[in-house]
K.L.:
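Take this structure, written in structure tokens, and hold onto it; I'll ask about it next.
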Amino acid sequence: MQEELTAGITLNVIPTKQFKTTRINISFLTELSERSGLVMRTLLADLLETSSQKYPTQKDVALELSEMYGASFGTTVDRRGQVHSLNFILNCVNDNYLLEKVDLLAKSLAFLQEMIMRPLVDKQGFDQATFTRQKQNLKAYIEAVKDNKQTYAALKLQENYFETELQKVPLYGTVADLEELDATKLYHYYQNVIATDQVQIVISGDVDPVLVQAQLKKLDLPARPKKQLSLTYQQAKRAVVTEVSERQELNQSKLDLAYRLPVSYRSKDHYAALIFNALFGGTPQSRLFANVREKASLAYYANSNFDPFRQLLIVQTGIKATDRRKAQALIAEQLVALKNGEFSAEQLEQVKLHLLNAYESRLDNQQTEMTRTKLDLLAQRSISASEWKKSLLQVTKEDICRVAALVELQTVFFLDGGQS
């Protein structure tokens with residue numbers, strides 16, 4: 001059931017007896033206009049998860065959740081294409097499974113109303129001690145990411161592939177933008193989020209949609225200008241491949257490649273692109289795994305990942321520095337082979353079966369279904385599980401060759417470990 005509660009705020013209830021829990025997601029969505037928005041929203045997630053006026057410490061929050069029969073609460077941020085999402089997620093046992101009569105859904109919504117609408121603030125902005133602690137924690141986290149060289153290489157590839165500043169920067173923002181923040185500035189930004197972001201509320205569980213709708217009025221979220229957010233980020237083709245190298249003393253070098261793949265989420269070619277990626281490097285049956293890693297022993301790992309929201313295909317490998325050119329050439333050969341249809345009907349069926357099994361296993365995950373619902377709302381195209389399976393099974397060899405022909409190498413990042 002989908003309902004517009006008021007301007008800019010939509011409710012989607014997924015009534016189901018499949019799970020013993022009730023899960024509530026409240027997402028604040030926007031298209032960011034400034035890079036600093038990334039780090040501000042990440043810091044907001046950290047602050048709003050740990051305190052409010054009624055629960056000023058992390059211990060107070062934990063105690064209240066314990067009183068709610070062990071409910072769990074968390075905040076996250078994510079970015080899909082051009083849309084940034086600040087999420088509040090609460091998971092509690094369904095009332096039907098309690099020995100005593102308690103309206104746990106009402107208590108959960110009251111808790112969320114407290115955490116979202118009554119943050120721990122003083123006259124100047126967010127509570128200074130809490131703000132300073134979370135700011136220090138976030139700075140330490142951002143700086144620690146550099147130590148994970150696989151992530152580091154992926155972020156450098158992203159930085160060199162994208163044309164716009166907002167896409168170049170990691171989801172959590174930068175230390176430089178974080179240093180500019182103070183408690184007052186961040187609180188003013190949050191007030192703007194509460195007043196203007198589009199809000200999606202998704203609730204899954206054995207609940208009465210009419211009752212849920214009535215109880216949600218207690219959240220006191222104001223109406224806001226209604227906007228249609230543009231989900232997909234599209235980037236023009238680059239005429240010349242960008243190649244960037246960096247030298248660090250490491251045990252393993254990283255060779256990452258970014259390809260443009262102009263296929264959107266839920267579009268006609270989306271399912272062919274999923275299978276192409278699975279054949280290329282997305283599964284243990286893939287050509288990168290079989291030919292680059294196993295047969296040629298050129299990589300410690302070799303895989304690919306397709307992001308339909310940014311129309312981006314990424315290949316990540318861990319190699320010896322001396323194997324760089326051989327590995328890149330062999331990766332290119334695998335792409336050409338798929339363009340030429342060099343895969344058997346049996347391989348195609350195996351990959352389809354792998355994707356179907358993975359899809360069906362995710363149907364048993366309550367959060368996965370809610371995330372899919374949220375993305376379908378943003379894409380303005382919803383399909384059932386049976387339609388998804390049918391679309392996947394209808395993909396032909398010719399469809400995959402056609403999608404493979406759309407793939408264009410744009411950027412190469414090589415982290416030279418210097419090992420012989």
Side-chain angles (χ1 to χ4, degrees), residues 29-43 76-86 138 141-143 145-146 148-178 180 229-246 248 254-267 269-270 273-274 276-277 280-282 303-317 328 331-332 335 375 378-379 403 406-416:
L29 305 156
T30 190
E31 289 179 39
L32 294 178
S33 58
E34 295 182 2
R35 193 185 76 177
S36 59
L38 290 166
V39 81
M40 284 197 278
R41 294 169 78 90
T42 304
L43 187 53
T76 64
V77 291
D78 62 64
R79 174 173 57 187
R80 306 280 185 172
Q82 301 192 99
V83 177
H84 190 283
S85 180
L86 170 61
L138 180 55
Y141 171 80
I142 295 174
E143 290 179 335
V145 170
K146 295 175 186 171
N148 183 324
K149 297 306 175 186
Q150 190 169 340
T151 302
Y152 177 80
L155 291 175
K156 293 298 288 185
L157 183 74
Q158 173 178 302
E159 179 185 322
N160 286 284
Y161 170 77
F162 286 112
E163 302 288 348
T164 65
E165 193 69 12
L166 271 166
Q167 296 294 332
K168 284 176 180 283
V169 172
L171 170 63
Y172 44 74
T174 67
V175 170
D177 290 332
L178 183 63
E180 298 289 321
L229 302 176
S230 179
L231 182 60
T232 303
Y233 172 81
Q234 296 174 313
Q235 184 164 294
K237 178 185 174 184
R238 212 176 268 171
V240 178
V241 175
T242 302
E243 296 208 24
V244 179
S245 295
E246 184 178 314
Q248 295 184 20
K254 311 291 180 188
L255 176 65
D256 286 10
L257 303 95
Y259 302 80
R260 183 172 177 269
L261 177 51
V263 173
S264 302
Y265 182 73
R266 298 284 192 237
S267 66
D269 283 334
H270 180 216
L274 292 179
F276 158 76
N277 177 58
F280 186 43
N303 56 61
S304 68
N305 183 50
F306 171 51
D307 178 353
F309 307 103
R310 301 203 277 184
Q311 304 195 340
L312 171 65
L313 177 76
I314 287 178
V315 168
Q316 291 182 284
T317 66
Q328 190 169 336
I331 291 167
L335 180 56
L375 292 175
L378 283 170
V403 165
L406 297 175
V407 177
E408 296 164 304
L409 181 62
Q410 299 284 277
T411 305
V412 178
F413 177 75
F414 181 55
L415 182 58
D416 184 347

K.L.:
Would you confirm whether N277, through its side chain, and A273, through its main-chain N or O, come within 3.5 Å as a donor-acceptor pair?
P.N.:
no
K.L.:
For the pair E165 and R35, find out whether any cationic side-chain nitrogen is under 4.0 Å from an anionic carboxylate oxygen.
P.N.:
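Here E165 pairs with R35 in a salt bridge, since their nearest N and O are under 4.0 Å apart.
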K.L.:
CG of N303 to CZ of F280: how many Å apart, nearest 0.5 Å?
P.N.:
10.5 Å
K.L.:
Taking side-chain contact (heavy atoms from CB on, under 4.5 Å) as the criterion, tell me which of L375, L229, T30, T232 meets it with V83.
P.N.:
L229
K.L.:
Using the test side chain to side chain donor-acceptor pair (under 3.5 Å), find all partners of Q328 that sit at least two apart in sequence or belong to another chain.
P.N.:
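Once residues adjacent in sequence are excluded, Q328 has no partner under the side chain to side chain donor-acceptor pair (under 3.5 Å) criterion.
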K.L.:
Give me the atom names and distance for the closest heavy-atom approach of S264 to H270.
P.N.:
O-CB, 3.6 Å
K.L.:
Under the criterion ring-ring contact (aromatic ring centres under 6.0 Å, His included), which of F309, F162, Y161 is the partner of Y233?
P.N.:
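Answer to the ring-ring contact (aromatic ring centres under 6.0 Å, His included) test with Y233 among F309, F162, Y161: F162.
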K.L.:
Not counting sequence neighbours, which residues clear salt bridge (Lys or Arg N to Asp or Glu O under 4.0 Å) with E408? List them please.
P.N.:
K237, R260
K.L.:
List the atom of L32, the atom of L166, and the distance in Å for their closest heavy-atom pair.
P.N.:
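Nearest pair, atom of L32 first, then L166: O-CD1, 3.1 Å.
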K.L.:
Look at atom CD of E163 and say whether more than 12 heavy atoms of other residues, nucleotides or ligands are closer to it than 6.0 Å.
P.N.:
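Yes.
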K.L.:
Which atoms form the tightest heavy-atom contact between T317 and L255, and what is the distance?
P.N.:
OG1-O, 2.7 Å
K.L.:
How long is the span from the CG atom in L157 to the CG atom in L415, to the nearest 0.5 Å?
P.N.:
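Going from the CG atom of L157 to the CG atom of L415 covers 11.5 Å.
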K.L.:
What's the spacing between L86 CG and D78 CG if we round to 0.5 Å?
P.N.:
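Here the interatomic distance stands at 9.5 Å.
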K.L.:
If I take atom CD from residue Q158 and atom CG from residue D307, how far apart are they, to the nearest 0.5 angstrom?
P.N.:
9.5 Å
K.L.:
Does I314 reach the side chain of L257, with side-chain heavy atoms less than 4.5 Å apart?
P.N.:
no
K.L.:
Looking at every heavy atom in both L38 and P170, which two are closest together, and how far apart are they?
P.N.:
CD1-O, 3.7 Å
K.L.:
In Å and rounded to the nearest 0.5 Å, what is the CZ to CG distance from F276 to L406?
P.N.:
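If I round to the nearest 0.5 Å, the distance is 9.5 Å.
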K.L.:
Once you round to the nearest 0.5 Å, how far does CD of Q248 lie from NZ of K149?
P.N.:
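Going from the CD atom of Q248 to the NZ atom of K149 covers 4.0 Å.
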K.L.:
Taking the side chain from T174 and the backbone from D177, do they hold a donor-acceptor pair closer than 3.5 Å?
P.N.:
yes
K.L.:
E31 side chain to H84 main-chain N or O, any donor-acceptor pair under 3.5 Å?
P.N.:
no
K.L.:
Taking C-beta and beyond as the side chain, do L261 and F306 meet within less than 4.5 Å on heavy atoms?
P.N.:
yes
K.L.:
Please report the closest heavy-atom contact between Q410 and R238, naming both atoms and the distance.
P.N.:
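That would be OE1-N, 2.7 Å.
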K.L.:
Identify the heavy atoms of L409 and V412 that sit nearest to each other, and give their distance.
P.N.:
CD2-CG2, 4.1 Å
